[in-house]
Amino acid sequence: MPLLGPWIQHQSKNALLKMRYHQHGLPGIAIALLSAFIVPWIAPGPALGQSEAESEPDSSRPIPKLLSQDAEFSYETTLRYISVDGDEDQFRANTWMEEGFGGRIDRFRYQKSIGDDREFELQGSLGLPENNYEIDWRYEKFRYGYLEGGFEQYRKYFDETGGFYAPYSQSAFDLDRELSLDRGKAWLEAGLTKPTIPEMSLRYEYHYKDGTKSTLQWGTVSGPGQPRNIYPASKSVDQDRHVIEYRIGDGSADFSWQETARLEIDDLDTTRRNASVVRPGRSKPDKAVRIQEGHKHIQGSNTLKAEKKVNDWLRVSGGYLYKHLDGEASYDATTFLTPNAGVPPTTALTGNDPFWFDNEIILDRESHVVNGNTMIEPSEGLTVSSGIQSDWTRQSGFGDVRLDEPDPSGVVVRQPATLDANLDKLRVQEDVEIRFTRIPYTTLFFDTRLEQEQIDQRERQVSNGSQAFLRSTDHESDLKQYKTGFSLSPWTWTSLHASYKRRLKQNDYDHTRDEALVGVPGQGFSAFIRGRDIDTDEIEVKTVFRPIGWLKTSLRYQLIATDFVADTDPIAGGQLSPGGRIFSGNYDVNRYSANLTLTPWQRIYFTSSVSYRRSRTVTTDHGNQAVAPYVGDIYSLHQSANWIVDEKTDMNLGYTLSLTDYEQDNVAAGLPLGMAFAQHTIQMGFKHRLRPNVTTKLQYAFYLYNETSTGGRNDFKAHGLFASLGMTF
Amino acid sequence: MKSRQWTWGSALIVGVALLSAWLLSSCASVDRSVVVPGKTPGATFVGNDQCSHCHTEYTDHFAETAHAKVRLKSPEQTGTIGCELCHGPGSKHVNSGGDWKETIVNPGKKPEACFQCHSGIRARFQLPHRHPVAEGQMNCVDCHNPHGKEIGKPAGGLAMARRNQTCAECHQEQTQSFVFEHEALREGCVVCHDVHGSPNPKMLQQADNNLCLRCHAQAPGPAAQPGQLFIGKVNHTTFVQQGACWSCHSSVHGSNINPRMRY
């Protein structure tokens with residue numbers, strides 16, 4: 001008690017403590033202490049020298065009625081057991097849960113009204129062994145201010161299996177590691193909401209990522225015929241990010257403004273581990289590359305925006321954003337022979353093995369963005385809104401590096417180099433949106449987005465090796481996007497929505513300088529690309545039927561068709577390529593979906609969604625059999641039903657299916673990478689109310705996953721049992 | 001064989017449960033109503049005008065938002081259009097003086113309200129490679145502003161989104177500054193990634209070289225033999241046989257040391 005000293009003597013806090021202790025015991029008192037500690041800091045009321053008159057309610061801002069003056073505390077906790085037969089890593093990656101015993105406080109919530117105008121709330125959830133947390137609290141004195149904070153984290157799991165190549169007669173490789181990445185955030189914010197002064201807030205956020213994830217930079221495995229890149233790879237990530245943000249703003253129905261200043265401090269370290277040689281029949285690599293990268297930056301930004309209602313039919317707004325980034329990076333790639341290489345090693349260092357590192361890499365970026373918008377309602381039922389945004393960015397990077405590589409005898413040769421790359425970007429976006437609702441039961445709309453971009457780009461590498469180059473490019477791009485459509489609902493029981501969208505992005509590259517020390521001048525990488533067009537058409541139709549109150553159905557169709565066109569310079573005097581425009585690729589997607597919702601009786605709810613998606617990607621392969629079209633189907637089904645069995649019992653049943661088939665037939669000439677799997681989930685359970693404030697739940701879940709594209713290596717079957725208890729005080 | 005037994009076993013369990021539930025529910029009468037996602041139990045529709053009394057920051061701008069195209073000027077269709085289409089019936093919320101706890105649906109907390117219309121998106125969140133929306137770790141509003149001028153941006157900032165701004169909120173690792181940037185990022189993250197969910201790892205649109213060859217293509221010249229695949233002056237025929245482009249060009253989002261995005 002002496003530790004509680006000065007602040008526990010506050011009368012209102014004593015009252016709180018007593019009440020919590022009698023009602024809820026120790027958990028209540030812990031929360032009461034927290035709230036009591038906060039009270040004098042955020043809700044000083046008249047004690048800070050403010051008169052009661054100053055804190056009189058502003059009738060223009062209604063105070064929400066508090067549900068109860070008594071404290072409310074509720075929680076729901078779940079214990080579970082999941083058994084997995086098969087690939088546990090794939091199970092974790094697919095379901096975001098670990099096998100075995102686990103526990104979770106699905107939600108807990110404490111709410112207390114303090115007096116007439118103050119409230120404290122604490123809520124969250126905790127999950128183990130995934131270490132998923134979500135806790136946030138808020139103390140608010142209405143029309144005065146608030147203090148809030150929280151912490152959240154979730155874990156993403158990764159399967160560590162690489163590719164599968166059937167002719168090797170080996171199952172897919174894996175790293176034999178459990179890969180996961182924790183992503184989290186903690187924050188604290190204080191704000192003032194007094195009607196007599198501008199609203200302001202100060203917020204601190206700490207973001208982090210920590211863990212190891214799988215990557216697709218698969219290493220080379222040798223076997224019969226050509227080697228294949230199928231050995232899995234991983235990347236460790238350690239990121240800390242601090243954000244401080246200050247906001248101030250004020251407004252009325254006619255004019256409002258807001259100013260936001262933000263500072264971000266980022267520290268990111270990654271380590272990639274890629275295998276480069278795996279001998280036939282071996283399960284581990286002989287040679288690998290470790291790439292360690294660091295990136296630190298400080299970024300400051302300031303946004304000012306304002307909005308004015310000029311009259312009943314005209315509203316204007318505008319804003320300005322300034323952003324500056326100062327950063328530095330580090331890089332270290334080292335090739336090494338693993339113990340699997342043996343003594344003496346059966347695998348040697350070769351000329352392509354990197355021993356690259358930096359002495360210094362500096363990054364700098366600065367942006368100015370100006371934005372202006374209007375919204376006009378010239379007549380009843382017609383709204384025209386438009387905006388223009390200019391975005392100028394200057395970016396520069398410099399590197400003093402070493403690109404050392406071994407000579408034919410395996411001795412690493414020193415190759416110093418300097419790199420620099422500078423960009424000046426100017427992008428202007430214009431948009432116009434028109435809505436017309438004068439036609440009975442109909443809304444017509446037309447949206448346009450235009451964008452012009454100019455980029456002056458200069459890249460250079462100065463070194464003695466064959467990689468030295470100088471490139472100076474003027475890049476211009478032009479985007480035109482149009483979308484039009486309507487919504488029609490002549491009767492309450494049906495509606496129809498249809499839209500068409502066209503998007504055309506045209507890129508043009510003018511290489512004013514293109515020099516390479518080795519090879520033919522004018523053909524440096526990647527300065528031979530002269531242009532690229534990406535042209536997309538999109539059609540969407542949706543209809544909804546509600547023939548009777550308890551039945552709702554919807555049908556939807558969507559077509560997305562994208563064409564890619566490339567334009568290049570002649571290569572090697574036209575011998576390797578004559579240059580010119582070429583249709584380089586096509587990506588079409590057809591989606592069909594249907595949804596049915598039934599509530600035939602007040603005690604039954606049933607919903608079912610079915611969707612089918614077929615996509616096809618074909619690229620120009622010039623007869624190369626290794627490149628197969630990427631064509632396949634995805635079938636999805638989601639069904640759930642809820643019954644009220646009696647006054648105290650509910651039952652539920654759910655089934656989901658995802659069926660995908662993108663298998664490719666290029667196994668002889670290439671590496672099939674298309675995915676093919678079937679995933680089923682069945683869930684069923686009941687919820688029973690033991691008392692008005694006590695509920696129990698029992699849930700069973702069955703998971704089945706078959707992935708034929710990895711030869712069954714990732715298959716699993718799992719059963720889960722979940723038991724929950726929920727209480728409210 | 002064992003798998004088939006399990007399938008039949010599961011079907012039997014489901015059947016028994018269904019039958020039991022039906023029999024039980026038909027033998028008793030209750031006063032409760034089943035809770036429908038996107039609805040607040042016991043609440044009734046009040047119409048958009050009620051909402052505009054307090055929420056002018058949303059209603060004044062709604063005409064310029066993406067969702068405005070499904071809003072009709074039709075008072076008799078209250079509840080099937082407008083605010084309550086997403087937020088559910090609002091009578092409890094209004095009668096409580098604006099309290100939001102359990103009186104109104106907040107799609108920002110649970111995606112079920114969004115899935116009522118966007119059922120195709122729900123199907124994509126069932127795929128193995130997805131953002132954790134169904135798991136409750138993310139919400140639709142983390143990436144979308146349903147009340148804003150642009151649906152594809154989180155709330156706050158200027159009216160229009162900057163390219164890749166939404167993704168960069170979490171994926172700084174991929175969107176950070178690089179000495180040598182991959183120009184594909186100028187087209188936006190979605191040119192390569194299906195951001196709601198994909199059958200392919202890393203939510204890629206294609207899991208193979210087609211993803212890159214859509215842009216990196218050139219007409220073959222007389223010195224290029226049939227079946228040979230050149231990109232620039234480099235013969236990639238053997239490389240594409242071995243596997244995906246990103247096995248060698250591993251720094252696909254940009255590199256601080258190599259203009260070809262290697263290592």
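Predicted, not measured: the structure shown is a model, and the values here were computed from it. In what follows, chains are A, B, ... by sequence order, proteins preceding strands, each numbered from 1.
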Q. Side chains of Q206(B) and T617(A): do they bring a donor and an acceptor to under 3.5 Å?
A. yes
Q: Tell me yes or no: between the side chains of E293(A) and N256(B), is some donor less than 3.5 Å from an acceptor?
A: no
Q) Who pairs with H61(B) by ring pair (Phe, Tyr, Trp, His ring centres under 6.0 Å), at least two apart in sequence or on another chain? A)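 Here no residue qualifies.
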(Q) Could you work out, with ring pair (Phe, Tyr, Trp, His ring centres under 6.0 Å) as the rule, every residue matching H118(B), not counting sequence neighbours? (A) none
Options [options], ranked by heavy-atom pairs under 4.5 Å with chain B, top entry:
{"options": "Q239(A), H622(A), Q625(A)", "answer": "H622(A)"}
{"options": "L268(A), T383(A), L419(A)", "answer": "L419(A)"}
{"options": "T599(A), I682(A), T220(A), N595(A)", "answer": "N595(A)"}
{"options": "T260(A), N274(A), D650(A), T620(A)", "answer": "D650(A)"}
{"options": "S499(A), G580(A), A669(A), S554(A)", "answer": "A669(A)"}
{"options": "D431(A), N132(A), I291(A)", "answer": "D431(A)"}

**Q.** Residues R183(A), Q137(B); criterion side-chain contact (heavy atoms from CB on, under 4.5 Å); working and verdict
**A.** CA-CA 10 Å; R183(A) 180 194 297 264; Q137(B) 308 298 352; over 6 Å; no
Q: List the steps and the verdict of side chain to side chain donor-acceptor pair (under 3.5 Å) for D266(A) and Q172(B).
A: CA-CA 9 Å; D266(A) 219 318; Q172(B) 298 94 5; 4.9 Å; no
Q) Where do S251(B) and R272(A) land on the side-chain contact (heavy atoms from CB on, under 4.5 Å) test, with the steps shown first? A) CA-CA 11 Å; S251(B) 299; R272(A) 286 179 279 150; 3.6 Å; yes
Q: Evaluate the criterion side-chain contact (heavy atoms from CB on, under 4.5 Å) for residue pair S177(B) and H297(A); output intermediate values, then yes/no.
A: CA-CA 10 Å; S177(B) 294; H297(A) 76 240; over 6 Å; no
If I compare all heavy atoms of [X] with all of [Y], which pair ends up nearest, and what's the gap?
{"X": "C117(B)", "Y": "R556(A)", "value": "O-NH1, 3.0 Å"}
{"X": "L576(A)", "Y": "A223(B)", "value": "CD2-CB, 4.2 Å"}
{"X": "P259(B)", "Y": "Q461(A)", "value": "CD-OE1, 3.8 Å"}
{"X": "Q429(A)", "Y": "A161(B)", "value": "OE1-O, 3.9 Å"}
{"X": "L671(A)", "Y": "G243(B)", "value": "CD2-CA, 3.7 Å"}

Atom group of [X] that falls short of 4.5 Å from chain A, counting heavy atoms:
{"X": "A66(B)", "value": "backbone"}
{"X": "E57(B)", "value": "neither"}
{"X": "C245(B)", "value": "neither"}

Q: Answer yes or no: is there an ion pair linking R532(A) with E187(B), defined by an N-O contact shorter than 4.0 Å?
A: yes
Q.
Which atoms of Y630(A) are under 4.5 Å from chain B, going by heavy atoms: the side chain, the backbone, both sets, or neither?
A. both
Q | Evaluation steps, salt bridge (Lys or Arg N to Asp or Glu O under 4.0 Å), between E64(B) and R315(A) | A | CA-CA 11 Å; E64(B) 65 179 2; R315(A) 187 179 289 273; over 6 Å; no
Q) Between the side chain of T619(A) and the main-chain N/O of N210(B), is any donor-acceptor distance below 3.5 Å? A) no
Q) Can you find a heavy atom in the side chain of L363(A) that is under 4.5 Å from one in the side chain of V179(B)? A) yes
Q: Fit a plane to each ring of W356(A) and Y263(B), take the angle between them on a 0 to 90° scale, and name the class: parallel (under 30°), tilted (30 to 60°) or perpendicular (over 60°).
A: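 W356(A) vs Y263(B) ring planes: perpendicular.
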Q.
Could you go through I257(B) and L403(A), starting from their C-alpha distance and side-chain angles, then the distance that decides it, and tell me whether this counts as side-chain contact (heavy atoms from CB on, under 4.5 Å)?
A. CA-CA 9 Å; I257(B) 203 159; L403(A) 304 175; 3.8 Å; yes
